[in-house]
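Reading through the structure tokens given below for one structure.
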Amino acid sequence: MITALIAKGQGLLNVALPIGIKAFKYFVDSTFRQKVEPIAGSVVYSDLWFAVEHSGIYIGEGKIANIVVDKFTESTVLLNNPEDFTSKSKLGKKVYVSCNNRSESVGDTSIANAAYSCLGQEYRYNLILKNCHQFSTKCVNQKLANVTNAPFTDAFMAMLPSETWEPTLKALKNAAQKKLGTKKWLLWDWDNNADSEPEPNWQAHQDYFENLELNPQSIDNIKEQRIQTQAYLDEISDEDLPDSVLKRLVNYQELMQDIEKTYKKHEELIALCPDARFSYSKLKKVKTNISKLSQILKDNEKIKELVKKLGRNHISEEKKKQSKIPSMSKSEVHGTHLSDDLLRLLPVELVNLEDETLEHLFYSRMLEKQLITYELSGTSLINGEITEAHKKTTGPVVACLDTSGSMSGMPLLYAKALLVATANILKKENRSLHVLLFGEQGQLSEFVMSDSQEVTELLIFLQSGFNGGTDFETPLSRALDIIESSEDYIKADILMITDGLCQISSSFEEILKQKKSLLDCTFYTVLCAGSAAKDTFSDEVIVLNANMHQSQFG
């Protein structure tokens with residue numbers, strides 16, 4: 001569920017405004033569509049948050065029967081005026097009314113009577129039983145049941161639609177369509193303020209969704225945006241609205257559809273790299289054969305083993321030290337951070353559970369690990385010296401990728417798979433990856449993937465290359481310079497990815513050995529074609545090709 005809004009281009013989206021289809025509907029409904037007043041038995045609802053609404057039944061004389069949460073989990077059926085009905089909304093004071101295809105309010109006195117008969121009744125409110133939409137739906141169902149004065153019993157209220165885990169506004173709208181002939185939902189301008197809705201920044205909304213991190217939760221929102229937009233287009237199809245507005249709505253619906261398709265196309269890669277933060281805008285720039293890349297990442301055990309080894313020698317040293325020297329750990333509050341740790345939840349977050357309008361927000365924030373919680377920081381006492389328990393014991397990686405002509409095709413695809421897997425692990429461990437693309441002598445391009453950059457940016461960078469000859473000394477010299485000149489790259493691993501063993505001069509080989517020893521770095525050679533052959537400076541030589549059977553330790 002989307003819980004944060006971002007600013008893009010010239011527009012500014014903030015948490016006080018709706019995004020996507022709700023913002024577009026507010027503008028169109030306020031500016032171009034007819035306004036109505038409800039009649040007795042009309043279904044009404046107000047948007048509270050991005051995916052949360054509050055509904056009720058209009059019974060006449062400006063009063064709405066609805067469920068109001070007045071205790072932690074207790075609710076009561078009360079009468080509210082429009083001001084009170086919308087008082088908990090974060091999106092304004094708009095109230096929608098059930099209407100027919102002639103844009104006339106529809107309702108029924110039996111529905112109003114059913115709602116009125118429930119006034120004062122108390123229920124234990126939660127997301128599954130007895131929420132506002134279920135109350136309204138049950139009232140609407142009274143029309144065909146011909147029960148006009150019978151109050152709802154607990155058993156009656158407990159009946160839930162089996163097709164959904166939560167009684168939703170969609171279910172209520174379906175009931176209103178079936179029982180009342182509702183075809184449209186139009187605004188009730190109860191406060192004479194409907195015409196003040198500003199036009200949304202359409203480009204800012206588009207940019208938001210194009211740059212949204214793609215995952216199962218966000219794609220569910222995208223899908224819901226597409227469905228709601230299509231339903232809205234169907235609803236207004238017989239109305240005389242400006243072509244420019246209709247075109248924007250159609251373009252928005254097509255964008256949601258294209259984002260869904262892009263996600264489905266890259267779904268396997270996204271699942272294999274859960275920390276990569278893929279977005280639609282980035283994935284559209286990736287020209288690599290993603291399906292083959294995903295399959296290599298999924299099935300190649302050699303890649304998995306190698307990625308695990310990168311930097312592991314430093315971890316093993318730390319573990320040996322701690323196994324010999326007794327250590328004592330403690331935990332203390334270090335500050336606050338965002339997580340889903342309910343045991344360390346700040347009291348301010350619990351307040352949301354007491355309010356029916358914010359309860360959905362609480363659970364969405366929990367699913368996205370966006371709850372404000374206490375952060376604990378551990379320390380270890382070793383030989384009387386205090387060290388941070390989470391201090392990094394692994395270093396970054398400098399990867400040299402051969403992009404000569406002989407690497408084209410499957411060898412280069414294996415190389416990309418290895419670098420994507422490596423980048424995904426390093427990003428999760430907050431470690432840097434410095435990639436050097438090389439070809440003939442003097443041909444070199446660099447990419448540093450730090451905390452602010454994403455795996456998709458690496459994939460885009462890997463689309464470049466030189467397609468000529470091969471010179472190994474240029475990238476290796478640069479790799480050693482990077483490790484030697486930057487404190488952040490102390491004990492970094494060097495990863496040489498090519499389709500043939502490094503051919504270097506004897507004089508450079510001596511320099512390489514000396515620098516390796518001085519810098520205490522590990523050297524891996526990965527062959528994306530051919531067979532393994534021993535050299536005198538690699539700590540390990542690994543073959544990644546169609547056979548994937550050979551590995552040679554130096």
Side-chain angles (χ1 to χ4, degrees), residues 300-317 394-404 406-407 411-412 414-423 425-426 431-441 444 446 469-484 489-554:
N300 197 317
E301 293 300 326
K302 289 284 181 63
I303 289 179
K304 296 177 183 178
E305 292 173 6
L306 178 57
V307 172
K308 288 179 181 178
K309 289 178 182 178
L310 292 172
R312 287 300 178 94
N313 58 317
H314 310 315
I315 294 178
S316 62
E317 290 174 7
T394 56
V397 173
V398 181
C400 306
L401 175 57
D402 180 0
T403 62
S404 61
S406 59
M407 279 286 288
L412 191 56
Y414 278 119
K416 291 180 179 180
L418 172 59
L419 285 176
V420 168
T422 302
I425 293 295
L426 298 185
R431 299 160 61 196
S432 298
L433 173 66
H434 198 128
V435 181
L436 306 174
L437 301 187
F438 68 93
E440 296 178 351
Q441 185 174 7
L444 195 68
E446 303 184 27
T470 309
D471 168 51
F472 293 101
E473 295 188 11
T474 298
L476 288 176
S477 293
R478 175 59 181 147
L480 293 171
D481 288 342
I482 292 170
I483 298 173
E484 188 173 19
Y489 279 79
I490 294 175
K491 285 192 173 182
D493 292 331
I494 296 178
L495 189 62
M496 170 59 71
I497 310 171
T498 181
D499 60 338
L501 284 181
C502 298
Q503 302 296 319
I504 58 178
S505 65
S506 56
S507 58
F508 183 79
E509 183 174 341
E510 288 301 317
I511 296 174
L512 179 59
K513 290 180 180 179
Q514 292 174 12
K515 288 287 185 73
K516 264 189 60 186
S517 176
L518 178 65
L519 299 173
D520 192 19
C521 60
T522 306
F523 193 103
Y524 295 94
T525 296
V526 177
L527 300 178
C528 296
S531 57
K534 186 176 181 179
D535 65 34
T536 58
F537 50 83
S538 296
D539 295 279
E540 183 173 350
V541 178
I542 299 173
V543 176
L544 299 177
N545 58 22
N547 296 321
M548 294 181 292
H549 291 312
Q550 303 178 57
S551 179
Q552 176 70 46
F553 292 86

Original post:
Taking only residues two or more places apart in sequence, or in another chain, which ones meet A423 in a side-chain contact (heavy atoms from CB on, under 4.5 Å)?
Top reply: L433, M449, V455, L458
Original post:
What are the two closest heavy atoms between D471 and P475, and how far apart are they?
Top reply: O-CD, 3.2 Å
**OP:** Just jot down the salt bridge (charged side-chain N to carboxylate O under 4.0 Å, His left out) partners of E510, sequence neighbours excluded, or say none.
**Re:** none
**OP:** For the residue pair Y524 and D539, establish whether any side-chain heavy-atom pair is separated by less than 4.5 Å.
**Re:** no
**OP:** Could you list the residues that satisfy side-chain contact (heavy atoms from CB on, under 4.5 Å) with T470, not counting sequence neighbours?
**Re:** D402, S404, F438, F472
Subject >> Min side-chain heavy-atom separation I504-L512 under 4.5 Å >> reply: yes
Original post:
Stepwise, does the side chain to side chain contact (heavy atoms under 4.5 Å, CB included) test hold for M496 with L476?
Top reply: CA-CA 8 Å; M496 170 59 71; L476 288 176; 3.6 Å; yes
Original post:
What residues form a side-chain contact (heavy atoms from CB on, under 4.5 Å) with S505, not counting sequence neighbours?
Top reply: E473, S507, F508
**OP:** Taking side-chain contact (heavy atoms from CB on, under 4.5 Å) as the test, write out the residues that go with A421, two or more places apart.
**Re:** L297, I303, V307
**OP:** Determine yes or no for a side-chain-to-main-chain donor-acceptor pair under 3.5 angstrom, with K516 supplying the side chain and F523 the backbone.
**Re:** no
Original post:
Pick one: which of L480, L436, T525 meets side chain to side chain contact (heavy atoms under 4.5 Å, CB included) with I494?
Top reply: L480
Subject >> Euclidean distance, I497 CD1 relative to C400 SG, rounded to 0.5 Å >> reply: 8.5 Å
**OP:** Just jot down the side chain to side chain donor-acceptor pair (under 3.5 Å) partners of E440, sequence neighbours excluded, or say none.
**Re:** none
Original post:
Can you find a heavy atom in the side chain of D520 that is under 4.5 Å from one in the side chain of L518?
Top reply: no
Original post:
Between atom OG1 of T474 and atom CG of L444, what is the distance when rounded to the nearest 0.5 Å?
Top reply: 7.0 Å
**OP:** Using modelled atom types only, decide if a donor and an acceptor are shared between the side chain of D499 and the backbone of A529 within a distance under 3.5 Å.
**Re:** no
**OP:** Report yes if some heavy atom in the side chain of K515 is under 4.5 Å from a heavy atom in the side chain of I511; otherwise report no.
**Re:** yes
**OP:** State whether the number of non-hydrogen atoms from other residues, nucleotides or ligands found under 6.0 Å of E446 atom CD is greater than 12.
**Re:** yes
Subject >> Student check: side-chain heavy atoms of L419 and L401 closer than 4.5 Å >> reply: yes
